[in-house]
Each structure stands twice: as C-alpha cells, then as structure tokens.
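Encoded as structure tokens, the structure appears first; notes follow it.
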Amino acid sequence: MYFTDRGIEELTARRGEEEVSFAWLAEQFSIFVDLNPEFEVPVERLATWLARLDDDDE
C-alpha cells in the first residue's frame with residue numbers, strides 16, 4: 001500500500017457518492033497549486049494523464 005492510498009481512500013469515503021465535472025476538478029487543481037506551488041509538477045502530470053486517458057497512442 002502506498003502512502004497516497006490513504007488519501008484516496010478518504011476521498012472515496014467522504015465524497016465517493018458525489019459527481020463533479022472536469023471543469024470543477026481543474027479549478028480545484030488550480031486552487032491547490034496556487035496554495036501549494038511546490039506541487040505544480042505532480043498536479044500538471046496528473047492533469048495531463050487524466051486529459052489523455054482515451055488517447056490511442058499509449
């Protein structure tokens with residue numbers, strides 16, 4: 001189990017029944033990076049990965 005699994009499990013437990021748009025998620029990413037600029041690269045990588053999930057190139 002990775003350390004991040006705990007955060008993912010908490011997210012699922014607290015908000016697993018909610019539905020959100022990608023526009024809302026992108027806004028939350030932007031707010032998070034504004035508050036925590038040291039996480040800019042990992043958030044960028046996650047956002048890019050999510051954006052390209054359906055690409056056939058991979």
Side-chain angles (χ1 to χ4, degrees):
M1 176 191 252
Y2 291 101
F3 179 75
T4 54
D5 289 347
R6 292 188 357 216
I8 293 168
E9 288 173 359
E10 181 178 352
L11 177 62
T12 301
R14 289 178 176 250
R15 305 195 118 189
E17 299 299 319
E18 295 180 27
E19 292 186 23
V20 299
S21 69
F22 279 102
W24 179 89
L25 182 60
E27 178 67 20
Q28 301 315 304
F29 283 172
S30 294
I31 292 168
F32 180 82
V33 169
D34 287 346
L35 296 172
N36 304 280
E38 67 274 17
F39 291 107
E40 180 179 5
V41 172
V43 169
E44 173 67 20
R45 289 180 68 189
L46 176 58
T48 301
W49 180 78
L50 288 170
R52 298 176 181 174
L53 276 177
D54 293 334
D55 285 359
D56 292 333
D57 299 345
E58 298 179 42

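- Hydrophobic side-chain contacts under 4.5 Å tie V41 to no other Ile, Leu, Val, Met, Phe, Trp or Tyr residue.
- One finds a salt bridge joining R15 and E18 here, because a Lys/Arg side-chain nitrogen approaches an Asp/Glu carboxylate oxygen to under 4.0 Å.
- E19 is linked by a salt bridge (charged side-chain N to carboxylate O under 4.0 Å, His left out) to nothing, counting only residues two or more places apart in sequence or in another chain.
- Checked against side chain to side chain contact (heavy atoms under 4.5 Å, CB included), L50 has the following partners two or more places apart in sequence or in another chain: L25, F29, L46, L53.
- Legend: residues meeting side chain to side chain donor-acceptor pair (under 3.5 Å) with S21, ordered by chain and number and at least two apart, are absent.
- In this structure, E17 has no side chain to side chain donor-acceptor pair (under 3.5 Å) partners at least two apart in sequence or on a different chain.
- With sequence neighbours left out, the side chain to side chain donor-acceptor pair (under 3.5 Å) criterion links E40 to no other residue.
- Residues passing the side chain to side chain donor-acceptor pair (under 3.5 Å) test with R45, sequence neighbours excluded: none.
- Clustering of Ile, Leu, Val, Met, Phe, Trp and Tyr side chains at separations under 4.5 Å places L35 together with I31.
- Listed by first and then second residue, the side-chain hydrogen bond (donor to acceptor under 3.5 Å, both in side chains) pairs that reach into residues 23-36 come to none, sequence neighbours excluded.
- Under the 4.5 Å side-chain contact rule for hydrophobic residues, I8 and F32 do not share a cluster.
- Every residue was checked against the salt bridge (charged side-chain N to carboxylate O under 4.0 Å, His left out) condition with E38, not counting sequence neighbours, and none meets it.
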